[in-house]
S.K.: 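The structure that follows is given in the form of structure tokens.
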Amino acid sequence: MPRIRWRARRIASQIKHCVSMWVSYYKLVYSTFCYNSFMSWNLVVDTLTEPMFWLVDRVAKYLGPIMVVLVVMLITSVVVIFYTCLLPHLYNNRSLLTTVTMVIAGHWLLVNIVFHYFMAAFTDPGMPLQEIPEVVSICKKCIAPKPPRTHHCSICDRCILKMDHHCPWLNNCVGHFNHRYFFLFLFYLWMGTIYVSTNGYQLFKEHFYGMKNSPTYVFATTQFFYGYAPATKHRRLQHLVSVTYEDYCKLKPEFDCVDMCWVNGTYGRYESETIGQVYDHPEGSWYHHAVLYEFLICAAVAFALGALMLWHARLVTRGETSIEIHINKKERKRLKKRGLVFKNPYSFGVYRNWQIFLGFNSKRSFISHVIFPSAHRPVDGNGLKWKMSTYHQPSHNI
């Protein structure tokens with residue numbers, strides 16, 4: 001009886017050993033055919049989310065031209081409303097010298113905005129050539145060598161030199177040859193929104209509160225013509241001065257001889273040549289909505305664009321791109337565990353980084369390359385080979 005029990009235990013152990021051998025064998029076969037030294041959880045996540053990225057890439061590719069048209073239409077609408085609504089308001093409420101100065105400044109901003117937008121949208125950001133002087137890796141999508149700071153854009157389906165990101169508002173990648181145009185477009189467009197919002201704030205306030213707490217009044221100076229009797233007296237409108245109700249209360253004693261009429265949310269009303277008849281201006285309604293639209297869209301874009309511009313200014317200051325900041329962050333953590341400090345090899349200091357990015361080396365070149373539109377090429381090479389800063393490790397005497 002004890003001998004039979006011993007054989008039963010032996011059979012169970014043999015079955016267990018046989019099963020483990022077959023499992024190990026199949027694991028070895030699977031690893032042999034599916035081995036990948038680059039396998040990691042990041043690769044697994046990328047593989048699982050690939051369908052979502054594919055859908056986003058396709059949508060962004062087809063929405064790009066639509067978004068470019070939308071940008072052009074928004075900028076055009078703001079410019080048209082400025083000329084038809086804000087500029088006459090500035091001319092009537094400010095001196096001639098101030099108005100001329102504001103017009104010159106506005107046209108300077110407009111020229112820079114249009115120039116840098118179209119250059120950023122239609123300039124090729126750059127792609128690797130057949131002969132690459134320095135190769136750092138192989139692109140998994142293109143199956144081609146990649147120079148330093150080059151990354152693959154899934155929307156454009158090619159590698160981009162010094163790629164920062166793919167901008168749907170440009171329908172183009174932001175890379176080595178159009179990065180400066182993109183940033184200056186952000187800067188001048190932000191300045192333009194601040195310019196329009198500042199100059200249109202008073203008029204916006206009058207129209208926004210005009211229906212309730214702060215109505216707008218119009219003083220109409222008149223010229224009298226006497227006929228055969230005082231009852232046939234006529235008058236002709238000379239000019240209109242738009243003021244708020246508070247200003248009207250202050251100025252009323254000085255305008256006893258001036259006729260006053262209320263403008264319901266606009267200053268587009270006027271008086272006819274006959275006393276006592278007031279007609280609504282046919283453009284009053286669209287004028288009111290145009291003023292509100294102009295200020296609200298410029299104020300909203302100013303806040304959003306300001307945050308985006310500050311983010312890219314921070315990247316330029318550190319000598320990085322939107323992709324490199326994440327790569328450098330991982331590298332910094334990795335070296336910190338080993339007791340080392342990471343230094344960005346493409347950063348040459350704050351002032352020098354901006355010089356390289358904007359392409360100036362003197363005050364004169366700053367004016368010609370930054371203040372005014374300029375189509376000069378990047379000064380830091382062709383995007384295939386990059387200069388690297390050198391850091392000296394401090395020596396410690398023991």
Side-chain angles (χ1 to χ4, degrees), residues 68 71-72 75 104-129 131-134 147-151 153 156 158-167 169-192 195 305 308-324 344-389:
V68 170
V71 170
V72 174
I75 295 177
I104 294 175
H107 283 81
W108 168 68
L109 290 173
L110 180 60
V111 169
N112 276 287
I113 291 171
V114 174
F115 172 81
H116 288 105
Y117 179 76
F118 280 96
M119 291 298 292
F122 297 104
T123 299
D124 193 330
M127 61 180 298
L129 304 176
E131 298 180 0
I132 301 177
E134 182 180 356
R149 313 186 78 177
T150 299
H151 301 280
C153 176
C156 298
R158 61 172 181 164
C159 288
I160 303 297
L161 300 176
K162 192 194 170 186
M163 179 179 174
D164 187 87
H165 69 286
H166 184 92
C167 181
W169 300 102
L170 300 176
N171 192 31
N172 194 11
C173 267
V174 177
H176 178 59
F177 292 104
N178 65 344
H179 196 179
R180 178 180 66 89
Y181 297 130
F182 168 76
F183 179 81
L184 290 179
F185 166 69
L186 293 182
F187 175 72
Y188 284 113
L189 184 61
W190 176 75
M191 288 187 62
Y195 170 84
L305 207 62
L308 181 62
M309 185 191 63
L310 290 177
W311 164 256
H312 283 279
R314 177 174 176 264
L315 295 178
V316 175
T317 302
R318 300 174 57 172
E320 298 175 326
T321 63
S322 298
I323 298 177
E324 291 174 348
N344 182 14
Y346 305 112
S347 178
F348 299 88
V350 176
Y351 183 74
R352 183 57 183 163
N353 287 341
W354 280 100
Q355 273 190 319
I356 295 174
F357 179 75
L358 297 176
F360 71 93
N361 52 16
S362 63
K363 293 182 178 179
R364 184 176 181 179
S365 61
F366 178 82
I367 295 175
S368 60
H369 289 176
V370 181
I371 302 299
F372 293 101
S374 174
H376 66 277
R377 305 281 286 181
V379 299
D380 48 354
N382 55 6
L384 299 176
K385 192 173 182 179
W386 298 87
K387 293 182 180 180
M388 302 176 66
S389 58

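Please read these numbers as outputs of a predicted model, since none were measured by experiment. Count residues from 1 along the sequence.
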S.K.: Flag the pair Y346 / E320 as yes when at least one side-chain heavy-atom distance between them is below 4.5 Å, and no otherwise.
M.R.: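 SC-SC contact between Y346 and E320 ruled out.
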
S.K.: So F348 and K387, do their side chains get closer than 4.5 Å, heavy atoms only?
M.R.: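 Counting from C-beta outward, K387 and F348 do come under 4.5 Å.
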
S.K.: After noting the C-alpha distance and the side-chain angles of K162 and F177, does the key distance pass the side chain to side chain contact (heavy atoms under 4.5 Å, CB included) rule?
M.R.: CA-CA 9 Å; K162 192 194 170 186; F177 292 104; over 6 Å; no

S.K.: Please work out which of the three classes, parallel, tilted or perpendicular, describes the rings of Y117 and F185, given edges at 30° and 60°.
M.R.: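 If you compare the ring of F185 with that of Y117, the planes turn out tilted.
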
S.K.: Centroid-to-centroid, F366 to W354, below 6.0 Å?
M.R.: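 They do not qualify: ring centres at least 6.0 Å apart.
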
S.K.: What I want to find out is whether D380 reaches R149 closely enough, with some N-O distance under 4.0 Å, to be called a salt bridge.
M.R.: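 Judged by the 4.0 Å cut-off on N to carboxylate O distance, D380 and R149 do not form a salt bridge.
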
S.K.: Which atom pair, heavy atoms only, marks the closest approach of G359 to V379?
M.R.: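 Minimum heavy-atom contact is CA-CG1, 3.8 Å.
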
S.K.: I need the I104 CD1 to L109 CG distance, nearest 0.5 Å.
M.R.: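 Output value for this atom pair is 12.5 Å.
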
S.K.: Mark yes or no for whether N178, through its side chain, and A121, through its backbone, hold a donor-acceptor pair below 3.5 Å.
M.R.: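 Pair absent, no side-chain N/O of N178 close to backbone of A121.
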
S.K.: Write down the atom of N344, the atom of R318, and the distance for their closest heavy-atom approach.
M.R.: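 Scanning both residues completely, I find the closest heavy atoms to be ND2-O, 3.0 Å.
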
S.K.: Among N172, L161, L170, D164, find the residue that satisfies the side chain to side chain contact (heavy atoms under 4.5 Å, CB included) test when tested with P125.
M.R.: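 Filter result, single survivor: N172.
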
S.K.: Determine whether W386 and P345 make a side-chain contact, defined as any pair of heavy atoms from C-beta on separated by less than 4.5 Å.
M.R.: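 Of all side-chain heavy-atom pairs linking P345 with W386, none is under 4.5 Å.
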
S.K.: Does any non-hydrogen side-chain atom of R180 lie less than 4.5 Å from one of P378?
M.R.: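 In short, these two side chains do not touch, never coming nearer than 4.5 Å.
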
S.K.: Working to the nearest 0.5 Å, report the span between OG of S347 and CZ of R352.
M.R.: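 Output value for this atom pair is 12.0 Å.
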
S.K.: Using 30° and 60° as the class boundaries, would you call the ring planes of F122 and F118 parallel, tilted or perpendicular?
M.R.: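 Parallel.
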
S.K.: Going by the salt bridge (Lys or Arg N to Asp or Glu O under 4.0 Å) test, which pairs reach into residues 111-121, not counting sequence neighbours?
M.R.: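 Not a single pair qualifies under salt bridge (Lys or Arg N to Asp or Glu O under 4.0 Å).
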
S.K.: Residues two or more places apart in sequence or in another chain: which of them pass side-chain contact (heavy atoms from CB on, under 4.5 Å) with S365?
M.R.: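 Once residues adjacent in sequence are excluded, the partners of S365 under the side-chain contact (heavy atoms from CB on, under 4.5 Å) criterion are F360, N361, S362, S368, H369.
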
S.K.: Would you say the side-chain atoms of H116 pair up with the backbone N or O of L189, donor to acceptor, closer than 3.5 Å?
M.R.: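 Between the backbone of L189 and the side chain of H116 there is no qualifying donor-acceptor contact (under 3.5 Å).
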
S.K.: Using 0.5 Å steps for rounding, measure from the SG atom of C156 to the CE atom of M127.
M.R.: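 C156 SG to M127 CE: 10.0 Å, rounded to 0.5 Å.
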
S.K.: Atom OG1 in T321, atom NE2 in H176: separation rounded to 0.5 Å?
M.R.: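 So the OG1 of T321 and the NE2 of H176 are separated by 13.0 Å.
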
S.K.: To the nearest 0.5 Å, how far apart are CE in M119 and CG in L184?
M.R.: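 These two atoms lie 11.5 Å from each other.
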
S.K.: To check you understand the geometry: which heavy-atom pair defines the closest contact between L384 and P148, and what is its length?
M.R.: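 Smallest interatomic distance, heavy atoms only, reads O-CD, 3.6 Å.
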
S.K.: What distance separates C167 SG from L186 CG, expressed to the nearest 0.5 Å?
M.R.: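 The distance works out to 7.5 Å.
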
S.K.: Are F182 and H312 near enough that their ring centres are under 6.0 Å apart?
M.R.: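 Ring centres of H312 and F182 closer than 6.0 Å.
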
S.K.: Ring centres of Y188 and W108 under 6.0 Å apart?
M.R.: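 Yes, the ring of Y188 comes within the 6.0 Å limit of the ring of W108, centre to centre.
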
S.K.: Not counting sequence neighbours, which residues clear ring-ring contact (aromatic ring centres under 6.0 Å, His included) with W190? List them please.
M.R.: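 Counting only residues at least two positions away or on another chain, W190 forms no ring-ring contact (aromatic ring centres under 6.0 Å, His included).
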
S.K.: Heavy atoms, side chains only, cut-off 4.5 Å: are I367 and K363 in contact?
M.R.: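 The answer is no; the side chains never approach within 4.5 Å.
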
S.K.: Quick one: closest heavy-atom pair of G319 and N353, and the distance?
M.R.: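 Heavy-atom minimum between the residues: N-ND2, 3.7 Å.
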
S.K.: Would you check if the side chain of H179 reaches a backbone N or O of M163 as a donor-acceptor pair within less than 3.5 Å?
M.R.: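 A pair under 3.5 Å: no.
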
S.K.: Ignoring hydrogens, what is the shortest heavy-atom contact between S374 and Y181? Give both atom names and the distance.
M.R.: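 Smallest heavy-atom distance, with atoms named: O-CE2, 3.5 Å.
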
S.K.: Closest heavy-atom contact between F183 and A313?
M.R.: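 Taking F183 first and A313 second, the nearest heavy atoms are CE1-N, 3.7 Å.
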
